[in-house]
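Take a look at the structure below.
Lettering of chains follows the sequences in order, A, B, ..., and the numbering in each one begins at 1.
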Protein chains: 4
Amino acid sequence: MDGRGEDGAGGVGDVGGEAVKVRRKRMPRAERERQMLDAAVRTFGQRGYRAASMDEIAELAGVSKPLVYLYLNSKEELFTACIRREAAALTRAVRGAVAPGPADRQLWDGLRAFFEHTGRHPDAWAVLHSQARTVGEPFAAEVNALRAELVAFVTALLAAAAREAHQDPSLPDREVAGLAHALVGAAESLAGWANAEPDVSAREAAATLMNFAWAGLGDLMEGRRWSPPS
Amino acid sequence: MDGRGEDGAGGVGDVGGEAVKVRRKRMPRAERERQMLDAAVRTFGQRGYRAASMDEIAELAGVSKPLVYLYLNSKEELFTACIRREAAALTRAVRGAVAPGPADRQLWDGLRAFFEHTGRHPDAWAVLHSQARTVGEPFAAEVNALRAELVAFVTALLAAAAREAHQDPSLPDREVAGLAHALVGAAESLAGWANAEPDVSAREAAATLMNFAWAGLGDLMEGRRWSPPS
Amino acid sequence: MDGRGEDGAGGVGDVGGEAVKVRRKRMPRAERERQMLDAAVRTFGQRGYRAASMDEIAELAGVSKPLVYLYLNSKEELFTACIRREAAALTRAVRGAVAPGPADRQLWDGLRAFFEHTGRHPDAWAVLHSQARTVGEPFAAEVNALRAELVAFVTALLAAAAREAHQDPSLPDREVAGLAHALVGAAESLAGWANAEPDVSAREAAATLMNFAWAGLGDLMEGRRWSPPS
Amino acid sequence: MDGRGEDGAGGVGDVGGEAVKVRRKRMPRAERERQMLDAAVRTFGQRGYRAASMDEIAELAGVSKPLVYLYLNSKEELFTACIRREAAALTRAVRGAVAPGPADRQLWDGLRAFFEHTGRHPDAWAVLHSQARTVGEPFAAEVNALRAELVAFVTALLAAAAREAHQDPSLPDREVAGLAHALVGAAESLAGWANAEPDVSAREAAATLMNFAWAGLGDLMEGRRWSPPS
DNA sequence: TATGAATGAGGTTTCATTCAT
DNA sequence: CATGAATGAAACCTCATTCAT
């Protein structure tokens with residue numbers, strides 16, 4: 001969905017034995033910008049925000065540094081653009097995968113889509129998950145927006161499930177938020193696990209999470225809860 | 001003839017004004033080292049590994065930069081020392097809180113201790129959770145050791161619970177690892193949530209997590225599992 | 001938000017005073033690189049490798065430090081480049097001065113060229129002779145290459161002289177190497193002497209060395225040698 | 001003659017399994033100073049003036065840094081003291097080896113002593129030859145004194161040889177100085193050669209130099225000289 | 001006498017950013 | 001549209017030197 005090209009367009013064409021600098025092909029702005037973002041996501045994802053250098057990004061994109069500045073103004077804005085683009089892509093993938101139906105089916109589909117997307121775009125996932133957390137202030141907004149989006153999605157699901165059970169679980173908003181955080185955190189951790197262990201499929205990760213969490217959520221939906229001793 | 005530091009006794013005595021630098025307070029090495037680690041944890045936790053500067057750390061510790069290098073050799077070793085110290089403190093806190101007894105009681109106690117510790121030392125938690133993941137190679141070992149420690153702890157708990165239920169759940173190692181990752185990830189996420197929302201107590205976070213996870217774990221222990229549709 | 005270099009167009013225009021920094025003069029890379037090497041040779045020659053600072057070199061070259069690093073990568077590589085350039089210049093001067101002819105004439109011509117070159121480029125000579133010897137490993141290769149070049153030149157000369165005398169001097173390689181070292185050392189020392197005493201011409205230095213060494217070499221070539229007493 | 005002890009006195013005595021800092025033995029000042037100079041010569045000889053650190057020297061001497069400063073005031077003075085001591089040792093060795101007798105015998109004996117001494121104390125030789133030349137001003141005096149001493153010695157030899165030949169060679173002072181420089185330079189170069197090639201004896205180096213130089217010197221003493229072509 | 005504790009100053013190197021073409 | 005040339009600022013790290021005990 002975002003086409004991280006291994007090469008980009010242009011670069012150095014080694015024609016017939018001598019390195020020849022080819023005239024960079026003129027390209028429409030949108031496409032150039034996409035190339036830059038691709039390179040930036042890859043670099044930020046692998047090195048981190050501070051350790052990534054604009055030099056490396058420009059080189060990977062196959063353009064000169066001033067062009068990056070011309071289009072994206074600053075490192076900060078470039079990183080913000082990365083977060084925004086990748087957050088949108090992730091939520092689009094998850095939302096696009098769920099269809100009307102029973103709640104557990106919806107959750108299952110959403111989780112599978114989530115693990116599939118993060119597995120297919122590990123650098124993008126690293127940008128969203130690890131890197132964007134380490135840097136202070138300026139990016140919090142973007143990342144919080146993503147998290148809020150996911151939490152809202154899960155919250156809606158839970159509410160629907162409750163209605164479906166013809167019960168008023170009367171779970172306070174605050175508890176729902178806590179549960180959503182727990183679910184998202186578990187999913188994030190499993191995404192990292194699945195990326196690190198090469199033979200764990202998205203399906204398996206999703207099943208693990210359903211097994212882990214669905215029973216508890218179901219109980220809560222029906223008013224049963226675990227009570228602390230004494 | 002190099003003539004550095006002609007000024008004799010260290011310290012600028014601004015007579016009659018303010019900003020009288022005192023410095024040169026002698027302290028035993030161990031204590032100074034502790035101060036430096038405190039400052040480093042705070043700075044690394046708030047700024048991140050790359051963005052934290054040795055200057056800032058030294059100033060926060062109330063010493064000059066060369067002293068930090070004299071005692072801790074390099075930024076990398078300083079960060080490693082931080083991780084090691086804080087990881088040890090966290091696991092000590094958790095392990096120290098659980099007593100023999102039923103499995104859910106043990107998990108409940110451990111979780112409360114976990115949330116209490118991370119709540120009380122947010123910078124240390126940030127170092128362990130967010131920051132140590134961003135940077136590559138050199139620190140992976142330390143952080144993995146912590147995660148492995150926690151996973152081992154949880155795994156032992158689950159195994160004990162299974163025995164307690166007089167059942168052979170025959171959960172394969174790999175599934176147990178996945179569940180442990182999910183649990184730890186959920187806990188990590190809730191720790192961040194509890195730190196961000198100021199009036200969420202450690203107890204509430206722990207209860208939320210127990211509600212979220214205990215039913216599913218119990219089901220699995222007794223051989224019941226959620227099965228995917230189709 | 002990092003906000004470095006807010007001041008816009010580089011250069012401090014001290015209106016109405018003096019010290020108007022011009023800078024930002026664009027030049028083709030090759031020429032700038034030459035300027036930098038000139039400055040580096042001068043600085044290294046006068047201060048030595050360790051004592052020379054990149055700051056001083058950059059200033060003498062009339063550029064900023066980062067540009068030096070952009071073009072020459074590191075202090076070590078910069079020094080290596082100096083050695084290589086100056087060694088090539090010196091050997092070119094010497095080899096270019098000798099023409100086919102009798103051996104003593106060849107040696108005489110070569111020596112004059114040697115003393116003329118070292119006299120005209122004392123800093124370059126200092127880099128090659130004094131400075132490059134002090135520092136360890138990394139530069140040994142370059143300097144040894146120069147010395148080997150000179151020794152090879154002298155060795156060839158001696159062999160030609162032997163043939164010329166229609167004799168097989170049967171000097172073992174090892175003795176030839178020793179003699180060449182002695183000759184080169186004497187030349188080096190005389191070069192220093194000629195540079196220190198301002199009114200010693202290259203011609204005089206060369207004549208002194210011929211007087212000093214030619215008779216002994218001639219004797220050896222014809223099989224006569226000095227024998228130690230007892 | 002200067003006893004570079006491998007250990008010095010004191011240090012860390014590993015008694016019975018735990019590293020135990022032993023109380024440094026009180027020692028008479030002269031001996032302590034000798035230890036420090038030994039360590040300094042070794043370090044300066046191997047690393048060079050700038051690259052040698054007072055830390056390393058103090059550690060190698062087995063004392064604390066402030067003690068070095070107490071006794072020798074500064075790095076500069078320490079280096080000066082090294083040069084002075086080693087120059088004196090070298091000239092003592094050479095002068096002590098020559099006995100009244102024919103000139104070539106005297107030169108032969110002196111050269112052998114020279115090569116023997118430099119071979120036995122390579123670090124001291126490195127300090128005198130390589131290192132002392134790279135640094136500017138402050139040490140020139142010391143090194144020049146050594147060179148002048150050697151040149152004077154050789155000059156006296158040559159003059160004696162001339163008298164011995166019952167001739168007035170009427171070599172001008174300046175030419176004698178040039179020849180002495182050539183001889184000393186050749187000797188220095190051969191000293192380096194002999195140190196680098198491990199199986200070249202002092203005797204062989206001296207013989208090589210006699211073969212190289214004696215015939216020319218003899219010729220000059222008797223008024224014969226090489227004349228440049230044209 | 002001897003040392004552990006401490007620091008000012010300066011070293012090399014990197015990086016985000018801009019200007020002139 | 002696109003880039004080669006250039007730099008201010010700050011990062012990590014080292015070292016000669018001194019003070020208080």
Starting from the 5' end of DNA chain F, give me the residue, Leu67(A) or Pro66(B), whose nearest nucleotide shows up first. Leu67(A)
If I take atom NZ in residue Lys75(A) and atom P in nucleotide dT14(E), what distance separates them, rounded to the nearest angstrom? 15 Å
Return the stems involving DNA chain F, sorted by first number, where pairs are Watson-Crick (N1-N3 with N6-O4 or O6-N4) or G-U wobble (N1-O2 and O6-N3), both under 3.5 Å, and runs are 3 or more long. E:2-21 with F:2-21
Sorted by chain and number, sequence neighbours left out, salt bridge (Lys or Arg N to Asp or Glu O under 4.0 Å) with Lys65(D) holds for Asp55(D)
Scan Ala52(D) against the nucleic acid and name what it touches under 4.0 Å (heavy atoms): base, sugar-phosphate only, or nothing. sugar-phosphate
Counting the atoms with a prime plus P, OP1 and OP2 as sugar-phosphate, which does Arg29(A) contact under 4.0 Å by heavy atoms, base, sugar-phosphate, or nothing? nothing
Taking C-beta and beyond as the side chain, do Met36(B) and Ile57(B) meet within less than 4.5 Å on heavy atoms? no
Quick check on dT1(E): is either OP1 or OP2 less than 4.0 Å from any side-chain nitrogen or oxygen of Tyr71(D)? no
When the distance from CD of Glu59(B) to C1' of dA11(F) is rounded to whole Å, what number comes out? 16 Å
To the nearest Å, give me how far apart CG (Leu70(D)) and P (dA20(F)) are. 16 Å
Upstream residue (5' side of DNA chain F) when Lys65(A) and Glu76(B) are each assigned their closest nucleotide: Lys65(A)
Using the test salt bridge (Lys or Arg N to Asp or Glu O under 4.0 Å), find all partners of Arg50(C) that sit at least two apart in sequence or belong to another chain. none
Partners meeting side-chain contact (heavy atoms from CB on, under 4.5 Å) with Tyr69(A) (sequence neighbours left out): Met54(A)
Would you say Arg32(A) reaches dA2(F)'s phosphate, i.e. side-chain N/O to OP1/OP2 under 4.0 Å? yes
Test salt bridge (Lys or Arg N to Asp or Glu O under 4.0 Å) applied to Asp123(C) - qualifying residues, sequence neighbours left out: none
Looking at every non-hydrogen atom in both residues, tell me the closest pair between Leu72(C) and Ala81(C) and how far apart they are. CD2-CB, 4.2 Å
Go through the structure and list residues passing salt bridge (Lys or Arg N to Asp or Glu O under 4.0 Å) with Glu56(C), not counting sequence neighbours. Arg47(C)
Within the structure, does a side-chain N or O atom of Tyr69(D) lie under 4.0 Å from either OP1 or OP2 of dC19(F)? no
Spacing between Met27(B) atom CE and dT21(F) atom P, to the nearest angstrom: 14 Å
